Structures are given as C-alpha cells and as structure tokens.
Amino acid sequence: MISMENGQSQSACPIGIFDSGLGGLTVQKEILSQLPNESTVYFGDNGRAPYGNKSRETIIRYSLQIVRFLQQKRVKMVVIACNTASAFAYDAISAAAGVPVIEVITPGAITAVKASKGRRIGVIGTKGTINSGVYERALQAASSKQLKVYSKACPLFVPLAEEGWWNHPVADLVANEYLAELKQAEIDTLVLGCTHYPLLQQAIARAMGPEVTLINSGEAVARTVKERLTQLNLANNSGEAPQHEYYTSDSVEQFAELGSSFLQQPIKEAYNIAIERSQT
Ligand code: DGL
C-alpha cells in the first residue's frame, strides 16, 4: 500500500472514469455493481460531445485535459469509458496519467470472441473507432481462428442516447437503417463498440433479432478494473462508505436526470466544470 502526502492511502483514493458524455455511465453502472467499496469520480464531456467524428489530435487534447482534472481529484486509476478515446488516446493517456489506465476495447473484444460460435462478428461504433480498425485488430488478436468481422459506424446513436431517446420510435428507425447490412451478413455476435450504445440496447436488439448476442463491454471492463486493482494491491478496504462525484461540461440537470434513470440510482448532485478553463 502506497502512502500519500496527506496520509490517505492510495487504495482509498477514487477511480477516475470519463467519456464524452453519458455513455461512460454504462461502464460506471458495472463498476458500482462489481466494486461496491470503491469511490469514483466520473467526468462526462457532454459539452463537447460527440467525440466520434472528431480528429485524433482533438480527442488526445480533450482526453489529456480530462486526465489532468482527474489527477487533481487524486484518482488511483483512470478508466477510459469511451471507445473513441480508447482508440485514439490510450497511449497518450498512459504516458501522462501516472496511474494505471484501463481502456474499453480489449475486454469487449475478448468477450465477443468467447460468445461467437460461428465466428461472424459485427462491430458498431463511432466513425473514429470504426475507421481506426482497432476492433478488427483486437478481435483477431483475441481469437486463435480466423474471424469474419463486419463493421459499421452509427453516428446518430450518440445524440439519440444523449437526448434520452432510448426507446423512442426514432431509435428503432435509425437502428433498422444502420443495422440492415449487419443483419444481412448473418453475424451471430454484435459488439456495442461505443459506450453510449447500451443505452439503446433494446432498439438495437429489436433490429438485430434474438439470434444475435449483443456485447456490452461494461461488465468485462469492470471485471478488468477489479482484477488490476487486486493485482496492484489498490483495492479499497478502508471500510469507509464510498463517495461518488459526477462532473459534466454541460447541463448538470440533464446529466443528473438521465444519468439517474440509467444508473437506477439517484445522482443527487452533478457539478459543472469548464474543462478547458480548469487547466492552467
Ligand atoms: N461513448 C463514446 C465511445 O464509446 C463516444 C461517443 C461520441 O461522443 O461520439 O466512443
């Protein structure tokens, strides 16, 4: 156990989690459920979302600003709860964070390979994630046999999720349109390669039909977080009640309302942070 300057042991420090907005709450939800002793600091960059069609340079700049904010919160680990930031900024974040960093792509790819019997796997994500080819590489690396991977960018899913239109008829229309070609390709497993997409899971499941297994990497990411904390002797066993802080770069009301309904527990307070200005 590492001693910190103020006497607080590092294991009692929070886990820092970030995303472009609400999507990372799909990972947060699993962390709250699998690691009930851990405190968390969540940052949603709703004011600058979506990330999915921005350049690599922009995503790296935004991510490093957020990591500096999380460092000020003395986090003991950073979870990049965003596929786009994981695809573009993992190396830069790892170099800057000074604490262990967990990305969301590898755990999801491993889960998908285990779930797929026919080795025909679909991946949906933002334009940035899909064009980076990161999932094809991660899926192939996780499989000893050759896979067929079909990828499709679904950029409209993110604003639908941020708007709270999770079960709105428009979500079904958009899902049917985007997913028709993956359905035709007869995939048996579909990776939700954007942390916003589990919010639309029901519409996606209706479009794909019951024979396709949907992979939400949140559960596997939380498991990875737990394993790493244990390996590094950083799991919190202080016995104190965990604290959860939520920050957003946009409306705190919208964040707290939609976030609470997704987490199925109240976000009593969310704080607004102008992330560009919080940095010196
Ligand atoms: N939820 C993020 C992801 O997993 C980003 C979505 C976006 O802002 O475009 O890629």
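Atoms within each ligand, like the ligands themselves, are counted from 1 in listed order. Nothing here was measured: the structure is a model prediction, and the numbers come from that model. Numbers here simply count residues along the sequence, with the first being 1.
Close N/O approach between Asp19 and ligand 1 is found [any backbone or side-chain N/O within under 3.5 Å]. For the pair Gly52 and ligand 1, the shortest N or O to N or O distance falls below 3.5 Å. Some N or O of Tyr51 is nearer than 3.5 Å to an N or O of ligand 1, by distance alone.
Using modelled atom types, one side-chain atom of Ser55 and one backbone atom of Thr58 make a donor-acceptor pair closer than 3.5 Å. Side-chain atoms of Tyr42 come within 3.5 Å of backbone atoms of Leu25 as a donor-acceptor pair (strictly under, hydrogens ignored).
Of all the atoms in ligand 1, the ones that sit under 4.0 Å from a non-hydrogen atom of Thr126 are 6 (C), 9 (O), 10 (O).
Aromatic ring pairs are classed by plane angle as parallel below 30°, tilted from 30° to 60° and perpendicular above 60°; the pair Tyr178 and Phe157 is perpendicular.
Asp45 and Tyr62 form no side-chain donor-acceptor contact under 3.5 Å, judged by distance and modelled atom types alone.
Among protein heavy atoms, the minimum distance from atom 3 (C) of ligand 1 is reached at Asn83 N, 3.2 Å. Nearest protein neighbour of atom 1 (N) of ligand 1, counting heavy atoms only, is His196 ND1, 2.6 Å. For atom 5 (C) of ligand 1, the nearest non-hydrogen atom of the protein is Ser20 OG, 3.4 Å.
Contacts with ligand 1 closer than 4.0 Å are made by no heavy atom of Val104, backbone or side chain.
Looking at Thr84, Val158, Leu25, it is Thr84 that brings a heavy atom closest to atom 10 (O) of ligand 1.
Between Asn236 and Lys76, the closest side-chain pair of non-hydrogen atoms falls below 4.5 Å.
In this structure, Pro50 has a heavy atom closer than 4.0 Å to ligand 1.
At most 12 non-hydrogen atoms from other residues, nucleotides or ligands lie less than 6.0 angstrom from CD of Glu177. Around the CD atom of Glu257, the shell of radius 6.0 Å holds no more than 12 heavy atoms that belong to other residues, nucleotides or ligands.
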